[in-house]
Amino acid sequence: LHTAYRRQRQMCIRDRFICDDDQNQIEQTKKILGAAEMILSDDEEIEFSIASATDYMGAIDYLKKHKLDGGIYFLDVELGGDTEEDTGFDLAALIKKRDERAQIIFVTSHADLSLITFRRRLGPIDYIVKTSDLDKFRQMMVKTVEVAIYNLHLSLIHISEPMRPQLISYAVFCLKK
């Protein structure tokens, strides 16, 4: 199923938005996305348009000025030292209201806050805890980006009824990897 899906893909330009209060983390994420472009471009040329902000208000400004549709958003939970207000969780809630197909990915050092995503019903596709193992971190990011692109493709195509259970099962399988 995955092979058939990959054969049908063509050119894909995706908007990516990164919000992290650490500029070094933003640069690292951009490098990983550059590698992901090459890794995921086997059957389809993938190109990422990347924007970023280092604080909550900068992110809000970007979100207000741009049309949002099917973007992939990499959000840190803590923006500027606060996990109570103006957080990545707050940004995710705003993004979900403006972009129904948003693919939210939390990238943070706060493993202990992951349950908040469920309580707030933010529906991220992943919650990646930052690690010093760069290879492991890169692999997690690339797999998550692949799932996000796959989800966005599914949201655009009409799935015939007989094929729907297989595609949904495949999407769940990808998320469990």
Side-chain angles (χ1 to χ4, degrees), residues 14-37 39-40 46-152 155 171-172 174-177:
R14 292 281 174 224
D15 290 328
R16 305 290 184 263
F17 181 74
I18 306 165
C19 188
D20 196 306
D21 57 350
D22 180 353
Q23 186 63 42
N24 291 330
Q25 183 65 44
I26 290 173
E27 295 307 317
Q28 183 179 27
T29 301
K30 286 180 178 181
K31 286 179 185 174
I32 291 171
L33 290 174
E37 280 179 341
I39 292 167
L40 300 176
I46 295 175
E47 184 180 322
F48 297 142
S49 168
I50 303 172
S52 64
T54 56
D55 61 25
Y56 182 82
M57 291 312 295
I60 294 298
D61 187 48
Y62 173 84
L63 297 173
K64 286 181 179 177
K65 290 180 180 178
H66 293 85
K67 182 182 182 301
L68 307 177
D69 181 35
I72 299 178
Y73 304 87
F74 298 86
L75 306 176
D76 190 1
V77 170
E78 180 183 39
L79 302 173
D82 193 352
T83 58
E84 297 299 319
E85 61 181 49
D86 295 344
T87 66
F89 298 133
D90 298 324
L91 277 178
L94 289 170
I95 290 167
K96 286 287 197 173
K97 288 179 184 174
R98 297 202 52 219
D99 184 352
E100 291 179 2
R101 299 184 319 120
Q103 302 294 300
I104 305 288
I105 303 163
F106 288 106
V107 182
T108 184
S109 57
H110 294 281
D112 57 318
L113 300 177
S114 63
L115 291 177
I116 292 173
T117 64
F118 295 104
R119 268 190 249 131
R120 292 187 62 178
R121 299 176 193 222
L122 298 174
I125 62 167
D126 210 341
Y127 191 97
I128 299 172
V129 179
K130 296 173 186 174
T131 176
S132 58
D133 184 344
L134 291 179
D135 286 333
K136 182 178 178 183
F137 183 69
R138 186 178 7 257
Q139 288 173 359
M140 289 186 301
M141 292 281 284
V142 170
K143 279 185 180 183
T144 302
V145 168
E146 184 174 25
V147 170
I149 291 169
Y150 182 76
N151 289 346
L152 290 168
S155 71
V172 170
C174 286
L175 289 171
K176 288 181 179 179
K177 277 195 205 177

Flag side-chain contact, heavy atom, 4.5 Å: [X] against [Y]:
X	Y	result
Leu115	Arg119	yes
Ile104	Thr117	no
Leu75	Thr87	no
Ile125	Tyr150	no
Leu91	Leu63	yes
Thr144	Ile128	yes
Val147	Asn151	yes
Ile32	Phe74	no

Heavy-atom closest contact ([X] atom, [Y] atom, distance):
X	Y	value
Ser52	Lys30	OG-NZ, 3.9 Å
Phe17	Ala53	CZ-CB, 3.8 Å
Glu78	His110	OE1-NE2, 3.0 Å
Ala93	Arg120	CB-NH2, 4.0 Å
Leu152	Gly70	CD1-O, 3.2 Å
Val107	Asp20	O-OD2, 4.3 Å

Using 0.5 Å steps for rounding, measure from the [atom1] atom of [X] to the [atom2] atom of [Y].
X	Y	atom1	atom2	result
Leu68	Arg98	CG	CZ	4.5 Å
Arg101	Ile72	CZ	CD1	10.0 Å
Leu122	Lys96	CG	NZ	8.0 Å
Asp133	Arg138	CG	CZ	9.5 Å
Met141	Leu33	CE	CG	5.5 Å
Asp86	Ile60	CG	CD1	8.0 Å

(message) Let's go through Leu113 and Phe89 carefully: what are the C-alpha distance in whole Å and the side-chain angles of both, what is the deciding distance for side chain to side chain contact (heavy atoms under 4.5 Å, CB included) to 0.1 Å, and is it a yes or a no?
(response) CA-CA 10 Å; Leu113 300 177; Phe89 298 133; 4.1 Å; yes
(request) List the steps, then state whether side chain to side chain contact (heavy atoms under 4.5 Å, CB included) holds for Val145 with Arg16. (result) CA-CA 10 Å; Val145 168; Arg16 305 290 184 263; 4.3 Å; yes
(message) Which label fits Tyr127 and Phe106: parallel for a plane angle under 30°, tilted from 30 to 60°, or perpendicular past 60°?
(response)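 Taking Phe106 first and then Tyr127, their aromatic rings sit tilted (interplane angle of 30° to 60°).
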(request) Could you tell me whether the side chain of Asp55 and the main chain of Gly58 form a donor-acceptor pair under 3.5 Å? (result)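 Flag set: sc Asp55 to bb Gly58 pair under 3.5 Å.
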(request) Please answer whether the main-chain N or O of Ile95 pairs with a side-chain N or O of Asp99 as donor and acceptor at a distance below 3.5 Å. (result)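 Looks like no, no N/O pair under 3.5 Å.
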(request) Give a yes or no on this: more than 12 heavy atoms of other residues, nucleotides or ligands lie within 6.0 Å of atom CD of Glu100. (result)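 Counting other residues, nucleotides and ligands, CD of Glu100 stays at 12 neighbours or fewer.
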(request) Could you tell me whether Asp22 and Lys130 have a side-chain N and a carboxylate O separated by less than 4.0 Å? (result)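 So Asp22 does not pair with Lys130 through a salt bridge.
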(request) Kindly determine whether Ile18 and Gln25 satisfy side chain to side chain contact (heavy atoms under 4.5 Å, CB included), including the steps that lead there. (result) CA-CA 9 Å; Ile18 306 165; Gln25 183 65 44; over 6 Å; no
